[in-house]
A.B. asks: 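One structure, pasted below without further comment.
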Amino acid sequence: MDTSNYSKILSEFENKASLKQAIYRNTTEAFALLKKQLFKIAAKLQSDYTAKDPSVEVHFKESSKFEAELKFSGDMLMVSMHSNVFSFERSSSMFQTKYIKEDESLAYCGAIYIHNFLADSVKYNRLADEGSLIARILVNKDMHFIVEGEGALDFLYQNMADNIITEEKLTDIIERSILFCLNSDLILPPFAQIKDVTLNQKQTMLAASGYPTGKNLGYQFKAELEQNKEI
């Protein structure tokens, strides 16, 4: 009996299956720590600000094992963890770093996402509303990580060899994400661009408890929808 294939399977179990399980556990641990910091920030904001202005609501909610949200005024930070483990494309610059060249298994990562949605999108279940991915945290087998994201999060945490998951770094990522949300305003599209709307579109908006909207979207009316079709 040829046992070479079976031996290869055992080898791949050790090289891939066990590795990915370890990364999954690390990502779960990092995500739990991220949720803990979200809760702490929510409690601190409630203590330091909402007492001054109760109309500015701050609220933390853990939706599931893989998702939690932080509502602050009209914004919502939604953090989620992917249950799978990924690697980078072979053409990625990550494979050119000394850190990965010495051990390519360090390129396998779990993924944690930070999205920004309007709080009303969730409140009114406006499923057509758009949100934005602010940051993606990638965690490897040694609890090292990088962040791909918007603003300063696009360059602050790019060196995986130097970045290890800590409460302080996760707090910094959350705070920068909140600031990015607060500095991203809803922009009204030109009146002429939105003045034409079909009855069907208007009725659809009412059925969805409001106008389809999003920070990078504004209000979508006929002119915008036609323009999008042409792109």
Side-chain angles (χ1 to χ4, degrees), residues 27-83 110-139 145-157 163-188 205 208-220:
T27 309
T28 301
E29 183 179 340
F31 188 57
L33 196 57
L34 181 72
K35 289 187 290 185
K36 177 183 174 183
Q37 300 314 112
L38 274 173
F39 176 80
K40 285 185 175 180
I41 289 172
K44 191 167 180 9
L45 286 171
Q46 287 171 350
S47 172
D48 292 342
Y49 192 81
T50 57
K52 299 177 184 177
D53 186 356
S55 67
V56 180
E57 183 182 352
V58 179
H59 177 69
F60 170 81
K61 175 184 176 183
E62 186 168 4
S63 308
S64 69
K65 177 181 178 180
F66 296 109
E67 187 173 275
E69 58 191 42
L70 173 66
K71 179 186 184 298
F72 47 100
S73 190
D75 276 290
M76 182 82 73
L77 266 191
M78 300 184 74
V79 299
S80 57
M81 172 187 156
H82 203 292
S83 61
I112 298 171
Y113 298 91
I114 302 177
H115 284 90
N116 174 215
F117 284 90
L118 293 170
D120 279 358
S121 298
V122 179
K123 180 179 180 179
Y124 297 115
N125 197 33
R126 297 194 308 229
L127 299 180
D129 284 10
E130 291 187 355
S132 297
L133 178 62
I134 297 176
R136 179 168 66 175
I137 306 170
L138 304 176
V139 184
F145 74 100
I146 63 168
V147 177
E148 300 170 322
E150 296 284 359
L153 292 176
D154 187 39
F155 60 84
L156 281 178
Y157 297 101
N163 293 321
I164 301 175
I165 292 287
T166 64
E167 290 187 0
E168 291 74 21
K169 289 180 179 178
L170 290 176
T171 298
D172 182 62
I173 292 167
I174 294 169
E175 289 178 347
R176 290 182 186 277
S177 297
I178 292 173
L179 285 172
F180 183 84
C181 296
L182 293 173
N183 290 324
S184 301
D185 296 318
L186 282 171
I187 305 299
L188 281 170
M205 294 171 195
S209 301
Y211 294 93
T213 200
K215 286 197 168 181
N216 297 327
L217 181 64
Y219 297 125
Q220 273 201 332

A.B. asks: Measuring from atom CD1 of I134 to atom OG of S184, what distance do you get when rounded to the nearest 0.5 angstrom?
C.D. replies: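 Atom-to-atom, I134:CD1 and S184:OG are 7.0 Å apart.
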
A.B. asks: Work out which heavy atom in Q37 is nearest to a heavy atom in T171; give both atom names and the distance.
C.D. replies: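 What the structure gives for the nearest pair is NE2-OG1, 2.9 Å.
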
A.B. asks: CG of L38 to CE of M78: how many Å apart, nearest 0.5 Å?
C.D. replies: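 Rounded to the nearest 0.5 Å, the CG-CE separation comes to 12.0 Å.
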
A.B. asks: With sequence neighbours left out, what residues match F145 under ring pair (Phe, Tyr, Trp, His ring centres under 6.0 Å)?
C.D. replies: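 Partners of F145 by the ring pair (Phe, Tyr, Trp, His ring centres under 6.0 Å) criterion, ordered by chain and then number, come out as Y157.
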
A.B. asks: Taking side-chain contact (heavy atoms from CB on, under 4.5 Å) as the definition, give me every residue that meets it alongside F66, ordered by chain and number, with sequence neighbours left out.
C.D. replies: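 side-chain contact (heavy atoms from CB on, under 4.5 Å) check on F66 returns Y24, S64, M81, S83.
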
A.B. asks: Would you compute the distance between atom CG of L77 and atom CZ of F180 and round it to the nearest 0.5 angstrom?
C.D. replies: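 Output value for this atom pair is 11.0 Å.
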
A.B. asks: Take I41 and I178, measure what side-chain contact (heavy atoms from CB on, under 4.5 Å) needs, and give me the verdict at the end.
C.D. replies: CA-CA 10 Å; I41 289 172; I178 292 173; 4.1 Å; yes

A.B. asks: Can you check side-chain contact (heavy atoms from CB on, under 4.5 Å) on F72 and C181, steps first, answer last?
C.D. replies: CA-CA 10 Å; F72 47 100; C181 296; 3.8 Å; yes

A.B. asks: How about Y113: does its OH atom have over 12 heavy atoms from other parts shown lying under 6.0 Å from it?
C.D. replies: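 More than 12 within 6.0 Å, yes.
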
A.B. asks: Can you give me the closest heavy-atom contact between H59 and Q46, atom names plus distance?
C.D. replies: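 Result for this residue pair: CA-NE2, 4.1 Å.
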
A.B. asks: For residues 63-74, pull every pair meeting salt bridge (Lys or Arg N to Asp or Glu O under 4.0 Å), keeping only residues two or more places apart or in separate chains.
C.D. replies: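 Counting only pairs at least two positions apart or across chains, the salt bridge (Lys or Arg N to Asp or Glu O under 4.0 Å) contacts touching residues 63-74 are E57-K71.
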
A.B. asks: Rounded to the nearest 0.5 Å, what's the gap from CD1 on I137 to CD1 on I114? Could you check?
C.D. replies: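 Going from CD1 on I137 over to CD1 on I114, the span is 4.5 Å.
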
A.B. asks: Between L156 and V147, does the side-chain contact (heavy atoms from CB on, under 4.5 Å) criterion hold? Intermediate values first, please.
C.D. replies: CA-CA 8 Å; L156 281 178; V147 177; over 6 Å; no

A.B. asks: Taking only residues two or more places apart in sequence or in another chain, which ones pass salt bridge (Lys or Arg N to Asp or Glu O under 4.0 Å) with D48?
C.D. replies: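 Result, salt bridge (Lys or Arg N to Asp or Glu O under 4.0 Å) vs D48: K44.
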
A.B. asks: Please report the shortest heavy-atom distance between L33 and E167, naming the atom on each side.
C.D. replies: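 It is CD1-CG, 3.5 Å.
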
A.B. asks: Taking M76's backbone N and O only, do any of them form a donor-acceptor pair with N116's side chain (distance below 3.5 Å, no angle check)?
C.D. replies: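 Here the side-chain-to-backbone pair exists.
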
A.B. asks: Mind checking salt bridge (Lys or Arg N to Asp or Glu O under 4.0 Å) for K61 and listing every partner two or more places apart, or none if nothing turns up?
C.D. replies: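 Once residues adjacent in sequence are excluded, K61 has no partner under the salt bridge (Lys or Arg N to Asp or Glu O under 4.0 Å) criterion.
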
A.B. asks: Is there side-chain contact between F60 and K35, with heavy atoms separated by less than 4.5 Å?
C.D. replies: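 The answer is yes; the side chains approach within 4.5 Å.
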
A.B. asks: Between T27 and L138, is there a side-chain heavy-atom distance shorter than 4.5 Å?
C.D. replies: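 No; the side chains remain at least 4.5 Å from each other.
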
A.B. asks: Which heavy-atom pair separates L170 from A30 by the least distance, and what is that distance?
C.D. replies: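 Heavy atoms of L170 and A30 come nearest at CD1-O, 3.8 Å.
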
A.B. asks: Determine the minimum heavy-atom distance between A119 and S73, stating which atoms define it.
C.D. replies: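 Taking every non-hydrogen atom into account, CB-O, 3.9 Å.
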
A.B. asks: With sequence neighbours excluded, what pairs up with E29 under the salt bridge (Lys or Arg N to Asp or Glu O under 4.0 Å) test?
C.D. replies: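 Listed in chain order: nothing, the list is empty.
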
A.B. asks: Per the side chain to side chain contact (heavy atoms under 4.5 Å, CB included) rule, which among I173, V79, I165 passes with L34?
C.D. replies: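 Result: among I173, V79, I165, V79 is the only option passing the side chain to side chain contact (heavy atoms under 4.5 Å, CB included) with L34.
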
A.B. asks: Minimum heavy-atom separation for R176 and L153, please, with both atom names.
C.D. replies: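 Distance-wise, the nearest heavy atoms are CD-CD2, 4.0 Å.
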
